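Only one structure is covered here, and it is reproduced in the block below.
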Amino acid sequence: MTPDEIAAVVDVAHRHGLKVAAHAHGARSIREAILAGVDTIEHASLIDDEGIELARRHQVALSMDVYNGDYIDTEGRRQGWPEEFLRKNTETTEVQRQNFTRAHAAGVPIVFGTDAAVYPHGLNARQFEIMVQRGMSPMEAIQAATSVAARYMGWQDRVGSIVPGVTAT
């Protein structure tokens, strides 16, 4: 999509009270999506310094699935996936994790996002350990999955906090 097309989608969605999540791995796509006004970036694997600064300035949350690479590597080797796929996974996993650390240190909002269709549901919590290893406090990691995620979904009045009237699941 062109930047104008992305902006048009964002405009229509926002006029109807909807949030916009952009699926973007590359630095240019991330920058263009942020400048178009999206609410969150899914993956943000190859975000660069400019993208980090734009996300911080515009308060666009990153949903960086920093556990997936471990599962893909383990299962891929076990199942005999092509070496090229495993190599790319290894390279992008570490880059994404380094960028997670840089984005968090810069003050970019980060929401817990697992891209869980990659692995069986129930393994999602494995991401917390990596989020903490890569710079978040345990409380920040929990908040990324609760109050911060609720805010970026527009559900903060229903979930994500421990207050009367809010679901605690």
Side-chain angles (χ1 to χ4, degrees), residues 1 6 9 19-34 36 38-56 58-153 155 159-160 168-169:
M1 296 177 71
I6 299 167
V9 168
K19 301 287 186 176
V20 179
H23 180 270
H25 287 279
R28 178 179 169 185
S29 297
I30 293 164
R31 290 189 306 269
E32 289 176 354
I34 292 169
V38 302
D39 301 288
T40 64
I41 303 287
E42 308 305 308
H43 308 296
S45 303
L46 305 175
I47 194 168
D48 60 11
D49 290 339
E50 182 182 1
I52 288 171
E53 176 54 25
L54 286 169
R56 187 197 60 74
H58 293 271
Q59 289 297 286
V60 171
L62 305 180
S63 176
M64 302 177 82
D65 46 344
V66 293
Y67 166 69
N68 290 11
D70 289 356
Y71 181 84
I72 290 169
D73 187 64
T74 301
E75 271 306 295
R77 291 188 193 291
R78 188 182 72 73
Q79 294 180 23
W81 293 358
E83 187 56 40
E84 179 181 348
F85 185 81
L86 296 173
R87 179 188 49 75
K88 181 179 177 188
N89 175 66
T90 300
E91 291 168 0
T92 56
T93 295
E94 182 54 28
V95 169
Q96 185 191 42
R97 288 176 180 181
Q98 290 172 6
N99 288 334
F100 174 94
T101 299
R102 292 173 48 244
H104 174 261
V108 175
I110 296 176
V111 297
F112 187 94
T114 63
D115 200 18
V118 170
Y119 53 81
H121 287 282
L123 301 182
N124 313 48
R126 293 180 181 185
Q127 177 148 309
F128 285 117
E129 181 179 359
I130 296 168
M131 294 169 80
V132 171
Q133 288 171 349
R134 294 300 176 130
M136 282 189 160
S137 70
M139 182 55 77
E140 287 172 324
I142 290 168
Q143 289 170 330
T146 56
S147 59
V148 178
R151 178 167 48 101
Y152 277 91
M153 292 187 311
W155 292 4
V159 299
T169 56

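All figures in this text were calculated on a predicted structure; none of them were measured in a lab. The basis for the numbers below is simple: all heavy atoms, side chains too, and nothing from hydrogens, waters or symmetry mates.
Aromatic ring pairs are classed by plane angle as parallel below 30°, tilted from 30° to 60° and perpendicular above 60°; the pair His23 and His25 is perpendicular.
Of all heavy-atom pairs between Gly113 and Gln127, the closest is O-NE2, 3.1 Å. Listed here is the closest heavy atom pair of Val132 and Ala141: CG2-CB, 4.1 Å. The minimum heavy-atom distance between Ala44 and Leu62, with the atom names listed, is CB-CD2, 4.0 Å. Taking each heavy atom of Glu42 and Ala21 in turn, the nearest pair found is OE2-CB, 3.5 Å. The nearest pair of heavy atoms linking Ala61 to Val111 is CB-CG1, 3.9 Å. Between Val38 and Ala22 the shortest heavy-atom distance is CG1-CB, 4.0 Å.
For Arg28 and Glu32, the salt-bridge test passes: some basic side-chain N is under 4.0 Å from an acidic carboxylate O.
Side-chain contact check for Thr114 versus Tyr67: every heavy-atom pair is 4.5 Å or farther apart. A 4.5 Å side-chain heavy-atom check between Leu54 and Val60 finds every atom pair outside the cut-off. Proximity of Arg134 to Val66: side-chain heavy atoms (C-beta onward) are nowhere separated by under 4.5 Å.
The salt bridge (charged side-chain N to carboxylate O under 4.0 Å, His left out) test with Asp70 singles out one residue from Arg97, Arg126, Arg77, and that residue is Arg97.
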- Query: Lys88 and Glu84: side-chain contact (heavy atoms from CB on, under 4.5 Å), yes or no, with the steps?
  - Reply: CA-CA 6 Å; Lys88 181 179 177 188; Glu84 179 181 348; 5.7 Å; no
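Using a distance-only test at 3.5 Å, with no hydrogens or angles considered, no donor-acceptor pair links the side chain of Ser45 to the main chain of Gln96.
Heavy atoms from other residues, nucleotides or ligands lying under 6.0 Å from CD of Glu140 number more than 12.
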